[in-house]
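Worksheet: one structure, shown below.
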Amino acid sequence: LAWYDGPNTATCAPPTGDSPADQHAVPDPDCECGFYAYGTEQAATRNRHSKYVLAVVSCWGGVIAGTQGVRAEHARIDAIWLHANVPYWMRRRVASRYPSARLYTERTAMLAEHPPTVLPCYAPMPRTRIVPRAGAVALATGLLTLGVLPGDWLYGSAALHGTWLAATVALGLTAIWLLAVTRMRGHRAAAWIAAGVLAWLIAPVFGVAGWVLRVPVLRALAVGAGGYLLSLRPGYFPVEHGAHERAFCGVHAA
């Protein structure tokens, strides 16, 4: 949810951890309650919205510090930077919602006047490694290639068939484990992704009819490519509507 203007006080209702309701302070080490804030500008880049909006917040009261930021009992938005592509109507809405916060058009100027407090527990952000990314791209390319090979090719080569069978079994077990064992929302989303790729892999077994199984992956690729091409348009800004739009105004990092 979006933050209010001025001081905000966190409450745990309903509790998101193992502690019973109304029996622990906020934040609590065994719970997930509290206001979250990144500790450095580099850490804030983990949030994809930080390319368009960033805020500096003050945190006090009970505070639990981590390796990339803090979780606090009280918090207040002090300054907000908005990208030049932010529509005028949204800029006015943000200004009216947070009148006590100063709006900036230059990100560096905001951070210079409101430098984040660096705590000893903060860990440096790891450098982007090209090799793991290249490996992930190669793996995805290989799986997609296996899913479009004709069935005769797969059964005609022992090496191809063995690779296809191993990948199919591994993806199937992964999807089952993510759905049956884990309880986190992100893991369930990963399970559906694994199931979609699994359907792509077994499509060659059904011949022409197998293209029906490829629809989820093809749709995801089309949406992803369309979203990327849209972001290249001059003046692009990711406006979200409805309830998500209200929450978007509260994206924060410090």
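Remember, it's a predicted structure, so these values are computed and weren't measured experimentally. In what follows, every heavy atom counts, from backbone to side chain, and hydrogens, waters and symmetry copies are set aside.
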Within-4.5 Å side-chain heavy-atom neighbours: I80 and V94: yes
Would a single hydrophobic cluster contain both V86 and I77, if residues Ile, Leu, Val, Met, Phe, Trp and Tyr are joined by side-chain heavy-atom contacts under 4.5 Å? yes
Hey, what do you get for OG1 (T67) to CG (L119), rounding to the nearest 0.5 Å? 11.5 Å
Looking at W3, is its backbone amide N or carbonyl O close enough to the side chain of Y98 to form a donor-acceptor pair, meaning the two atoms are under 3.5 Å apart? yes
Hey, what do you get for OH (Y36) to CD1 (I64), rounding to the nearest 0.5 Å? 8.5 Å
Return the minimal non-hydrogen interatomic distance between A175 and A195, and the atom names on each side. CB-N, 4.3 Å
Strictly distance-based, threshold 3.5 Å: is any side-chain N or O of Y52 a donor or acceptor partner for the main-chain N or O of R48? no
Given 3.5 Å as the limit, does a donor-acceptor pair link the side chain of D5 with the main chain of S100, or not? yes
Cation over ring face, R92 and W89, 6.0 Å, 45°: no
Any V118 side-chain heavy atom under 4.5 Å of Y122 side chain: yes
Pairing of E113 and R102 as salt bridge, 4.0 angstrom limit: yes
Kindly compute the distance separating OG1 (T108) from CD (E41), expressed to the nearest 0.5 Å. 8.5 Å
Report yes if the side chains of L230 and Y236 come closer than 4.5 Å at any heavy-atom pair, otherwise no. yes
In Å and rounded to the nearest 0.5 Å, what is the CD1 to OG1 distance from I193 to T174? 12.5 Å
OG1/T40 to CZ/R46 distance, rounded to the nearest 0.5 angstrom? 10.0 Å
With a 4.5 Å cut-off on side-chain heavy atoms, are H74 and F35 touching? no
Between H49 and N47, the two heavy atoms sitting closest are N-OD1, 2.9 Å
Is it the case that the side chain of W200 and the backbone of L144 share a donor-acceptor pair, with hydrogens and angles ignored and the cut-off at 3.5 Å? yes
What about L221 and L213, same hydrophobic cluster or not, with Ile/Leu/Val/Met/Phe/Trp/Tyr joined at side-chain heavy-atom distances under 4.5 Å? no
Residues joined to L229 in its hydrophobic cluster, side chain to side chain under 4.5 Å directly or through other members, sorted by chain and number, are Y228, L232
Kindly say whether L82 contributes a backbone atom to a donor-acceptor pair with the side chain of R107 at under 3.5 angstrom? no
When rounded to the nearest 0.5 angstrom, what distance separates CD in E73 from CG in D28? 11.5 Å
Shared hydrophobic cluster for V148 and L143 (ILVMFWY, side-chain gaps under 4.5 Å): no
Residue pair H114 / Y104: nearest heavy atoms and the distance that separates them: NE2-OH, 3.1 Å
Keeping the roles fixed (side chain from S58, backbone from A75), state whether a donor-acceptor pair exists under 3.5 Å. no
Begin with the C-alpha distance, continue with both residues' side-chain angles, and end with the deciding distance and a verdict on side chain to side chain contact (heavy atoms under 4.5 Å, CB included) for L178 and W192. CA-CA 9 Å; L178 289 171; W192 289 112; over 6 Å; no
Decide whether L149 and V205 are clustered together by the hydrophobic rule: side chain heavy atoms of Ile, Leu, Val, Met, Phe, Trp, Tyr closer than 4.5 Å, transitively. yes
In one Ile/Leu/Val/Met/Phe/Trp/Tyr side-chain cluster, 4.5 Å: V217, I202: no
Got a sec, which pairs hit salt bridge (charged side-chain N to carboxylate O under 4.0 Å, His left out) with one end in residues 77-91, sequence neighbours left out? R76-D78
Exercise: identify the closest heavy-atom pair between G66 and C121: O-SG, 3.1 Å
Closest non-hydrogen contact found for C12 with C31 is SG-SG, 3.6 Å
Looking only at heavy atoms, what is the nearest atom pair of A72 and C59, with distance? CB-CB, 3.6 Å
Min side-chain heavy-atom separation R214-P204 under 4.5 Å: yes
Donor-acceptor pairs under 3.5 angstrom involving side-chain atoms of residues 150-171: please list them, not counting sequence neighbours.
residue: S157; atom: OG; partner: L160; partner atom: N; Å: 3.3
residue: T163; atom: OG1; partner: A159; partner atom: O; Å: 2.9
residue: W164; atom: NE1; partner: L201; partner atom: O; Å: 2.7
residue: T168; atom: OG1; partner: W164; partner atom: O; Å: 2.8

